[in-house]
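Take a look at the structure below.
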Amino acid sequence: PFVNPPLPYSYQALEPYIDEKTMELHHDKHLQTYVDNLNHILEPYPTLQGLSLEELLSCPLCLPSGLQIPIKNNAGGVYNHIFYFSNLTPAPNLPVPDALSDAITASFGSFDAMKDNLKKAALSVFGSGYVWLILDKNKTLALMVTANQDTPLSSGFCPVLNLDVWEHAYYLKHYNMRKNYIDDWFSVIDWNQVNQNYISCIKKIP
Ligand code: MN3
């Protein structure tokens, strides 16, 4: 069965940017529910239980038709949250490592331009969803918005960074001010990890 990995830092580690209660509920309740639901859905399908989250999400049409939406929602919920938590750190590390920094400059013109575009994209999400930095088939970085728990994996893109803009990710501290949450999130990004994600995406794309 799939498990909910512990956070790589304490619940209060991202204070004052992301509050302790939000982190606790987000990890122990929201993510845990997706893990439990996914395990329940896969119970009757031992062969699917052997697949990774990436495999479950990369080919929706390979799945039995009745499972396509439940797996998209719940394996997506597990994958998206583990990825989101793994790219945060209480000890932010700037500057951005060279490999990623060069790719950002090539795609967006500058780091600040990427940041502005990402913020605009995050503010544009209507309802619940995510903003992603992804690598496309030409090994170019781009931004992508997904609804609900959809992932870029199902469209063949490789995830480099994601921002959860569901209200549960920020409402206890930032209320309706998504903009403030986005700014605070930028203060706790683990750019070394994001650079690692970028490098592993480069290796995966033929
Ligand atoms: Mn969430």
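The structure presented is a predicted model; accordingly, all values stated were derived computationally and were not measured. Position 1 is the first residue of the sequence, and the numbers go up from there. All ligand and atom numbering here is 1-based and tracks the order in the structure.
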So with a 6.0 Å cut-off around CZ of F83, is the heavy-atom count from everything else above 12? yes
Heavy atoms of other groups near H168 NE2, more than 12 under 6.0 Å: yes
Using only N, O or S atoms, tell me which atom of H81 is closest to the Mn ion (ligand 1). NE2
Check whether any N, O or S atom of H30, backbone or side chain, sits closer than 2.8 Å to the Mn ion (ligand 1). no
Any side-chain donor paired with an acceptor under 3.5 Å for Y130 and Q149? yes
Among the N, O or S atoms of D164, the one nearest the Mn ion (ligand 1): OD2
Consider only side-chain N and O atoms of Q32 and D36, and report whether a donor and an acceptor are under 3.5 Å apart. yes
Angular separation of H168 NE2 and H26 NE2 about the Mn ion (ligand 1), given to 10°: 90°
